Protein chains: 2
Amino acid sequence: MGCNSCACENCHNKMCSKRVPIFSSFNQEEITRVSSLIVRREYKKGELIILEGAGIESLVIINSGRVKAYRNTSEGREHILYIFSEGDFFGEKNLLQNKAATYNAEALEDTGICTIHRKAFQELMREYPELSFKVMEELCNRLVRLEKTIESMGTRNVELRVNSVLVEFAEKYGRAEPRGLVIELPMSREGIANYIGLTRETVSRKMSLLQEEHIIEMVGNKKVIILDMNRLKENV
Amino acid sequence: MGCNSCACENCHNKMCSKRVPIFSSFNQEEITRVSSLIVRREYKKGELIILEGAGIESLVIINSGRVKAYRNTSEGREHILYIFSEGDFFGEKNLLQNKAATYNAEALEDTGICTIHRKAFQELMREYPELSFKVMEELCNRLVRLEKTIESMGTRNVELRVNSVLVEFAEKYGRAEPRGLVIELPMSREGIANYIGLTRETVSRKMSLLQEEHIIEMVGNKKVIILDMNRLKENV
DNA sequence: CGTTATATTGAGATAGATCAACCTGGGTGG
DNA sequence: CCACCCAGGTTGATCTATCTCAATATAACG
């Protein structure tokens with residue numbers, strides 16, 4: 001667990017507060033205060049952080065690693081809603097209302113999180129309106145993303161959906177390299193399929209087609225290089 | 001346009017401030033202050049309130065009537081994202097960030113709205129943290145709704161989607177009557193179809209099936225009576 | 001280097017899209 | 001007050017893209 005509320009420079013660096021966007025407007029003193037409210041935890045790859053339906057009492061901020069938020073659908077599949085990474089937070093629905101978690105959260109890799117109790121975070125937001133604003137901004141960004149997703153899922157054109165998800169990943173995880181944008185995929189073919197409401201076979205086929213057309217190149221199962229972003233975006 | 005910033009009781013009643021959830025924690029004095037910041041407008045049925053891509057400078061709160069928020073998809077169809085009604089607000093994405101409107105908003109019936117300039121609203125949120133909280137709550141509710149929608153759209157089972165949308169409308173617009181929950185549909189078959197990513201024919205067929213099974217009854221084109229909510233919800 | 005999980009590819013079944021014809025309800029004018 | 005009109009809705013027949021099931025290939029990892 002490491003140190004929980006120590007404010008020394010050494011520990012700070014391990015703490016979320018410094019690198020988390022929602023605290024970006026805070027000065028050193030405020031950061032120290034925030035740090036004292038934080039409880040840190042580590043999760044191993046594959047560990048469940050939150051179970052759908054559970055009541056959580058804290059806002060969870062990701063310090064390092066990646067987390068997938070998903071639901072088990074009535075059809076028995078696992079529908080991924082978000083991939084959270086460093087600096088993202090979740091549990092926002094429990095922050096103000098007393099809602100149970102609407103999804104499961106599972107560490108995709110070894111992950112460090114910081115939790116702040118809802119009451120403490122509410123207190124902070126009361127004192128620092130900028131913090132509220134940052135949270136709202138992020139909520140709006142999520143709305144924008146979900147609205148886009150819904151639009152592309154309403155689409156009959158399946159290629160479009162596959163392209164969209166690749167563009168989305170590229171924007172979020174892409175690393176520019178000489179050959180093109182390199183994406184470290186946050187999920188398996190099956191994960192992608194469930195993310196956009198298709199079967200893994202269809203995703204596979206569509207991606208193979210994109211490769212044949214030299215729009216993308218697949219490197220192993222977890223990496224994709226986008227060779228021609230323009231053509232990929234053409235119908236998104 | 002009526003009176004814009006008058007604070008007399010008479011005008012108050014026409015103003016949003018009193019009946020809008022986000023201002024529900026405000027006392028009389030605060031309401032008066034809010035009222036003075038509001039600019040009221042009326043729109044006729046079918047009028048466009050906001051055009052996708054336009055920069056809006058104000059938060060829009062619906063005082064009376066209904067508004068559909070939609071986008072034109074790349075396939076040339078109209079995808080409805082939200083149906084807003086009395087007390088709902090939109091333009092939240094322009095409130096803090098300088099984002100252009102992500103959707104069109106059109107009055108579904110004669111509609112009265114109140115607008116508050118973003119700067120003024122920000123000021124209010126700074127002063128009254130409760131207001132921020134109310135806005136956040138609503139944003140969270142929208143996230144919940146969109147997450148649900150995405151899950152149901154990821155579903156291969158189409159009946160499920162039709163049932164879901166009927167349950168959603170029932171919860172939002174349902175009026176209990178002896179025969180069952182009566183829903184005044186906010187959109188045409190085509191609208192519903194686009195809302196859940198199907199064709200109007202398929203929606204028609206699925207609804208006819210539901211009627212054959214005595215789960216719903218259709219009255220004309222704009223009204224549906226839910227006769228057996230349990231069976232409708234069975235697989236949602 | 002072998003074993004297991006994951007991804008690809010192929011062939012066939014099927015649900016929903018598409019195209020087309022027909023019906024209905026609610027509004028209008030004679 | 002009735003007949004007519006027309007947008008929107010329903011129903012039917014086909015077509016096609018994706019799902020499903022199955023076999024095979026490839027990657028990941030100890």
Side-chain angles (χ1 to χ4, degrees), chain A residues 44-46 68 73 75-80 108-110 152-166 183-213 216-225 235, chain B residues 45-46 68 73 75-80 108-109 152-166 183-213 216-225 235:
Chain A
K44 287 265 163 246
K45 177 177 175 174
K68 77 170 166 189
T73 70
E75 287 178 322
R77 299 177 310 129
E78 176 180 286
H79 192 111
I80 297 173
L108 281 176
E109 40 196 84
D110 290 359
S152 91
M153 289 183 79
T155 284
R156 246 156 253 78
N157 186 340
V158 166
E159 266 117 68
L160 218 91
R161 287 200 241 171
V162 176
N163 294 5
S164 293
V165 82
L166 288 173
I183 311 173
E184 216 71 52
L185 292 178
M187 44 179 122
S188 66
R189 292 297 124 86
E190 179 142 32
I192 296 174
N194 288 335
Y195 191 60
I196 57 180
L198 301 173
T199 56
R200 89 198 117 148
E201 292 95 330
T202 303
V203 170
S204 211
R205 282 185 245 265
K206 296 302 174 191
M207 286 179 67
S208 296
L209 278 176
L210 286 173
Q211 180 159 257
E212 270 171 40
E213 294 172 46
I216 66 168
E217 185 184 322
M218 295 185 265
V219 183
N221 290 333
K222 292 180 183 160
K223 212 192 274 190
V224 166
I225 308 179
N235 39 2
Chain B
K45 177 177 176 175
K68 76 170 166 190
T73 70
E75 288 178 321
R77 298 178 308 130
E78 176 180 285
H79 191 111
I80 298 173
L108 281 177
E109 39 196 85
S152 92
M153 288 183 79
T155 284
R156 245 156 256 73
N157 187 341
V158 165
E159 267 119 68
L160 218 91
R161 288 199 240 171
V162 176
N163 294 4
S164 292
V165 82
L166 287 174
I183 311 173
E184 215 71 50
L185 292 177
M187 43 180 123
S188 67
R189 295 288 179 278
E190 180 143 32
I192 296 175
N194 288 336
Y195 190 61
I196 56 180
L198 301 172
T199 57
R200 94 197 100 104
E201 293 95 329
T202 302
V203 171
S204 209
R205 281 185 247 266
K206 297 302 176 191
M207 284 179 68
S208 296
L209 277 177
L210 286 173
Q211 180 159 254
E212 270 172 41
E213 294 171 45
I216 66 169
E217 184 184 323
M218 295 186 265
V219 183
N221 291 331
K222 292 178 183 159
K223 213 193 272 189
V224 166
I225 308 178
N235 39 0

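Small disclaimer: the values here were computed from a predicted structure and weren't measured.
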Report task. Could you check how far CE of A:M153 sits from P of C:dG16, rounded to whole Å? Result -> 15 Å

Report task. Run through B:R189, B:E75, B:R77 and flag the one making a side chain to side chain donor-acceptor pair (under 3.5 Å) with B:N194. Result -> B:R77

**Report entry** Whichever of A:N221 and A:R156 has its nearest DNA chain D nucleotide further upstream toward 5'
**Finding:** A:R156

Query - Separation of A:E217 CD from A:Q211 CD (nearest 0.5 Å) - result: 6.0 Å

Query raised in the report: Is B:K206 near enough to C:dG16 that one of its side-chain N or O atoms lies under 4.0 angstrom from OP1 or OP2?
Result: yes

Requested in this report: Select from A:G220 and B:G220 the residue whose nearest nucleotide in DNA chain D is closer to the 5' end of that strand.
Outcome: B:G220

Report task. Send over the distance from A:R189 CZ to D:dA25 P, rounded to a whole Å. Result -> 19 Å

Report task. Check for a donor-acceptor pair, side chain of A:D110 on one end and backbone N or O of A:K44 on the other, with a separation under 3.5 Å. Result -> no

Requested in this report: Go through the N and O atoms of the side chain of A:R205 and the base of C:dG10, and report whether any donor-acceptor pair is under 3.5 Å.
Outcome: yes

Query raised in the report: Does B:S188 place a side-chain N or O at less than 4.0 Å from the phosphate oxygens OP1/OP2 of D:dG8?
Result: no

Report task. Would you kindly check whether a donor in the side chain of A:R200 faces an acceptor in the base of D:dT18, or vice versa, at under 3.5 angstrom? Result -> no

Requested in this report: Grab the CD-P distance between A:E190 and C:dA7 for me, whole Å please.
Outcome: 8 Å

